[in-house]
Visitor: 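Please find one structure pasted underneath; my questions will follow.
Heavy atoms only: backbone and side chains are in, while hydrogens, waters and symmetry mates are out. Position 1 is the first residue of the sequence; numbering continues from there.
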Amino acid sequence: MVTGDANQNLNNRQSIATKNDEYIEKKINNLSIYNAYWCLFELRSQHKIPSAYILKDDSLSKNRIIIILKQSKCTPKKLDNFLQTSAMNSIPLSYVRWFYEDARAALWLNMVLKKLNIISNHISIESDIEIFAHDLIFNEKLMFAAGNFHRAPDSYNESLIARKKEALDILKNIYINSSVGYKKTKWIDHSNPVNINHLYKYMQKLHDLDHLKSNKNNKKNNIKLKSDVDKSGYKPALICIDTIRFKETDTASRLHHMLASLDYWVFNPDNPIAEELKVANRATFIDNMYDVWLSKTSRVRNKKIKEEGLRLTRKNQKTLKIIANRQGKTQGQMLNDIIENYDQTFFSQVPKSTRETITDYSMIEYAKPYTDSFDTEQSLRAEKFNPEPFLAGVDNTEARESDCKNEMSESTPNIEDSVCTDNAESIANTQQNQSDDKTVNLDNVDDTATTTDNLTDEAINQHEDIILPANISTMETNDLTTKLQAIDSNLASAKTLHNIDDKMADDDPFLINAELIRQKTGKHV
């Protein structure tokens, strides 16, 4: 029986131990990481852990507590008392959240404590900021006494943390009053590495922070900082650059470093200038930073434009911006649409330019208002010399007579009136030889063309590609075979036109009729 009772007692003790272990695991695992560290802080105060330094290890902190409590055979009652004592001897998260969860505030606090010679750690990566905030709460002996911050002596009882709570609360108020507002620095783009790295290098340069001048005034007065100027009082605007260094790729930490340095500007024990003057100098420096960044973006934009070979005048830039806004598009999209529309209109309708049209086009006035039709001077000029298309079956005698008069008045202004009279008589004689349906003989066409060549040889040479030959599609002949050949010639297929000339357009009536005359007469028109 005794053996049986011993076994039963052993089983009961094992069952109770198992339940206690389960209770410990449940309670500790339900704690937050922040509260778990305070449990380690309490165990250190009770000398139940060998290490005097609480390392930041979020994944193993709870396991360490569970192992220590199980080894000490902690009962549920003792565990509840332990957790209650730990909560009483801890700093609530609300007191330290302002820097515990904000890298910018943590860097500011690091700068302040380094200037006070309380800490001296180095920070080079983002995780170092988190480690600093952890050590400040759970390892550093900070206190505020006699109006200053001090590091408490080694005999300072860490379980009594009221002084540390008071010191951190005072630092929080200082940070809130000295930090730069969001509106003043919102132009710093956290998603733009070029923006952050350029400003970071600018803040690393030496500046006369106590006597700043605006960059705008320096540009107006053409003031330039010479290399031989005494820079003994100059210093970088970036604080603690000897112990806080971030890589160029870590732009997020660099941004926090810049903002924390601007926040620290007002709280600077090494330079006891009036606070109002510090605030004014900081505002001037932020304006200078903005001007430096604008100058950088302007250089990049001009370089890009120069590489693309596109440079618009200011007037055209404003006009393009107005057009784009009205169309609801960007300036690049609008410019592409204009070029595409111009390409479709100009190159599909305007014939090949002659030497004279190119000369006239270069002498026109370019300051024309923008029109939706995208008419050009060259297209208008071509339309002037070709008021009507010389299609087959249309009488162009009157048009040819008008063109002759216009060309003689423009090209040969000194010719005598008798020449025009003879030309008119020649045209009248040609009209009398025509039939009632106003058709002409092929020989008469040649005579008329010869007469015109003799009268206005210089004008025709200048407009050789624009003035078109007479139409012979409706030419009357007594020979039935000749009529059928003329009709077949007018119905020239696309295949024949392609073989005539590689440069000839399929839908150009001017070149078609010219080729028909060339085939029938055997002459070059």
Side-chain angles (χ1 to χ4, degrees), residues 180-203 214-220 222 248-249 251-252 254-255 258-259 283-353 357-384 505:
V180 180
Y182 170 74
K183 293 183 178 180
K184 297 180 180 179
T185 58
K186 64 180 180 180
W187 55 271
I188 302 178
D189 190 0
H190 66 279
S191 62
N192 188 350
V194 178
N195 176 278
I196 295 175
N197 290 328
H198 185 70
L199 297 176
Y200 195 80
K201 293 179 181 178
Y202 177 75
M203 292 187 68
S214 175
N215 284 345
K216 296 180 180 179
N217 296 333
N218 293 341
K219 291 180 180 179
K220 291 181 180 179
N222 295 326
E248 188 174 357
T249 55
T251 55
R254 281 194 166 193
L255 176 60
M258 288 191 297
L259 296 178
T284 302
F285 186 80
I286 294 175
D287 292 339
N288 292 344
M289 289 177 62
Y290 184 67
D291 294 337
V292 168
W293 172 242
L294 290 181
S295 178
K296 170 69 174 179
T297 54
S298 178
R299 291 194 301 270
V300 173
R301 183 173 59 253
N302 293 337
K303 182 179 180 181
K304 184 177 180 180
I305 293 175
K306 186 176 181 180
E307 291 176 353
E308 294 178 354
L310 179 63
R311 186 180 296 274
L312 299 177
T313 61
R314 291 185 177 180
K315 181 179 180 181
N316 290 340
Q317 289 178 355
K318 293 180 180 179
T319 305
L320 180 61
K321 185 177 181 181
I322 294 173
I323 296 173
N325 290 336
R326 291 180 178 178
Q327 297 295 331
K329 300 180 180 179
T330 63
Q331 297 184 31
Q333 293 174 347
M334 195 65 233
L335 187 59
N336 289 329
D337 291 346
I338 293 174
I339 295 174
E340 183 178 0
N341 197 338
Y342 181 88
D343 178 67
Q344 294 176 356
T345 305
F346 178 76
F347 290 102
S348 62
Q349 296 183 5
V350 178
K352 185 178 180 181
S353 302
T357 56
I358 294 176
T359 304
D360 294 341
Y361 181 70
S362 62
M363 299 299 292
I364 63 172
E365 182 180 1
Y366 289 90
K368 286 190 63 179
Y370 168 77
T371 57
D372 291 336
S373 61
F374 297 101
D375 290 335
T376 63
E377 289 293 338
Q378 191 170 359
S379 62
L380 295 176
R381 184 66 178 174
E383 183 178 354
K384 176 180 177 181

Visitor: Taking side chain as C-beta onward, heavy atoms only, is I196 less than 4.5 Å from M258?
Guide: yes
Visitor: Distance-only, no hydrogens or angles: does the S298 side chain make a donor-acceptor pair with backbone N or O of L294 under 3.5 Å?
Guide: no
Visitor: Parallel, tilted or perpendicular: which describes the rings of H198 and W293, with under 30° parallel and over 60° perpendicular?
Guide: tilted
Visitor: Does a side-chain heavy-atom distance below 4.5 Å link Q327 with Q333?
Guide: no
Visitor: Atom CD in Q331, atom CD1 in I322: separation rounded to 0.5 Å?
Guide: 10.5 Å
Visitor: Check whether any side-chain heavy atom of K321 sits under 4.5 Å from a side-chain heavy atom of M334, and report yes or no.
Guide: no
Visitor: A side-chain contact here means heavy atoms from C-beta on lying under 4.5 Å apart; do L259 and V180 qualify?
Guide: no
Visitor: Once rounded to the nearest 0.5 Å, what's the spacing between atom NE2 of H190 and atom CG of L255?
Guide: 8.5 Å
Visitor: Would you give the length of the straight line joining atom CG of N288 to atom CE of M203, rounded to the nearest 0.5 angstrom?
Guide: 12.0 Å
Visitor: Measuring from I286:CD1 to L199:CG, what's the distance to the nearest 0.5 Å?
Guide: 11.0 Å
Visitor: Over all heavy atoms of both residues, which pair between L312 and L320 is shortest? Give the atoms and the distance, please.
Guide: CD1-CD2, 3.9 Å
Visitor: Could you grab the distance from atom CD1 of I323 to atom NZ of K329, nearest 0.5 Å is fine?
Guide: 11.5 Å
Visitor: Less than 4.5 Å apart, any side-chain heavy atom of E248 and any of Y200?
Guide: no
Visitor: Within a radius of less than 6.0 Å around CZ of R299, do more than 12 heavy atoms belonging to other residues, nucleotides or ligands occur?
Guide: yes
